[in-house]
Each structure stands twice: as C-alpha cells, then as structure tokens.
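Residues: numbered from 1 along the sequence shown. What you see below is based on every heavy atom in this structure, not just the backbone, and it leaves out hydrogens, waters and symmetry mates.
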Amino acid sequence: MAEISQNMIYLIWAVAIIVFGLFEAVTAQMVSIWFVVGAIAALIASFFNVPFIAQVIIFVAVTILALVITRPLVKKYIHPRKERTNADKVIDQIGIVVEDIDNINATGQVKVEGKIWTARSIDNSLIPSDKEVVIEKIEGVKLLVKEK
C-alpha cells in the first residue's frame with residue numbers, strides 16, 4: 001500500500017474540519033462540533049509529522065474528551081429548565097363560562113380565580129354560559145377548556 005503524502009494528510013483533516021463544521025451548521029444540534037475539535041487536533045499533529053495512525057488516535061481521543069467535558073454544559077444551555085409562570089397555575093383549575101364558548105365564531109370567556117380569560121373548547125364543543133369547565137392548557141393568552 002502506498003504511503004499517503006503529507007499534503008494529502010493536511011487535506012484530509014482540512015476537509016474533515018469543513019465537512020463536520022458544515023454538518024454542525026446545518027443541524028444546529030451540537031452533534032458534530034466535537035469532531036471538528038478532534039480534526040483540528042489531528043491537523044495540528046500532522047504539522048509535527050506525527051504518523052497518520054497516531055493522528056487518527058488523536059482525532060478519536062480529542063473528540064471523545066471534548067464530548068465528555070463539554071456535553072453536560074451544552075445540554076444545560078440548549079435545553080434550559082422550563083420555568084412555570086403565574087398563568088400556568090390555572091391549569092387543572094375549575095372556571096365558570098361567562099361568555100358562550102364557540103370555537104367556530106371565535107367567542108368565549110371563562111372566569112378563573114377572579115380573572116376573565118379568553119377561552120376555547122379543547123374538543124371544539126359548544127359550551128354555554130354558567131357551565132363549569134376544567135382548564136386543560138394555555139395557548140398564548142387563551143385557555144383551552146373542557147366541560148366539567
């Protein structure tokens with residue numbers, strides 16, 4: 001088997017950096033950034049004429065090390081803890097319909113904890129005034145409710 005020229009090795013690592021970098025840019029899910037770091041380390045090793053097999057080992061080792069060290073930090077910032085708002089506290093509460101809920105005509109209001117909210121039926125049913133409803137969830141500033 002013919003030996004790989006030094007220029008070819010530089011090219012291999014440069015192409016790997018670009019490909020992994022582009023893949024990361026397209027996915028934006030922190031999937032291949034660690035491969036970029038590993039490929040940069042291998043490229044640096046190639047400048048010092050480290051044998052190619054050692055460069056591959058450096059690539060794998062640095063990639064794994066970068067993943068192990070940074071993944072927990074990255075996950076924390078990509079998927080931050082969801083904080084509940086004060087509005088969320090009405091979920092699963094009972095409200096009273098103060099204006100007929102009709103999804104087709106986009107009407108309906110519910111009084112919950114002394115406040116009036118715009119409301120829609122979660123199952124598209126008509127709910128007349130004075131009926132009790134259970135708040136299932138909030139979408140924007142509207143309550144999605146079902147009749148109790």
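Between Glu132 and Ile96, the closest side-chain pair of non-hydrogen atoms falls below 4.5 Å. No side-chain heavy atom of Asp130 sits less than 4.5 Å from a side-chain heavy atom of Val97. Ile94 is not listed as a side-chain neighbour of Val133, based on a closest heavy-atom distance of 4.5 Å or more.
No donor-acceptor pair under 3.5 Å is formed between the side chain of Asp102 and the backbone N or O of Leu126. The closest donor-acceptor contact from the side chain of Arg120 to the backbone of Ala106 lies under 3.5 Å. Within the 3.5 Å criterion, the main-chain N or O of Thr118 finds no donor-acceptor partner in the side chain of Gln109.
Annotation: Phe23, atom CZ; neighbour count of heavy atoms from other residues, nucleotides and ligands within 6.0 Å does not exceed 12. Other residues, nucleotides and ligands contribute more than 12 heavy atoms inside 6.0 Å of the CZ atom of Phe59.
There is a side-chain donor-acceptor pair under 3.5 Å between Gln55 and Trp13. Inspection of the Asn7 and Ser5 side chains reveals no N or O donor paired with an N or O acceptor under 3.5 Å.
Taking both residues in full, the closest heavy atoms of Thr107 and Glu99 are given as CB-OE2, 3.4 Å, listed atom of the first, atom of the second, then distance.
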Ile127 vs Ser125, side-chain contact (heavy atoms from CB on, under 4.5 Å): CA-CA, chis, key distance, verdict: CA-CA 6 Å; Ile127 306 174; Ser125 61; 3.9 Å; yes
Verdict with reasoning, Ile138 to Ile91, per side-chain contact (heavy atoms from CB on, under 4.5 Å): CA-CA 7 Å; Ile138 299 175; Ile91 295 175; 4.3 Å; yes
Is there a side-chain contact (heavy atoms from CB on, under 4.5 Å) between Lys131 and Lys148? Walk through the geometry before answering. CA-CA 8 Å; Lys131 289 284 187 177; Lys148 184 176 173 194; over 6 Å; no
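In this structure, Phe20 has its ring center at least 6.0 angstrom away from the ring center of Trp34. Proximity of the aromatic rings of Tyr10 and Phe47 is defined here by a centroid distance below 6.0 angstrom, and this criterion is met.
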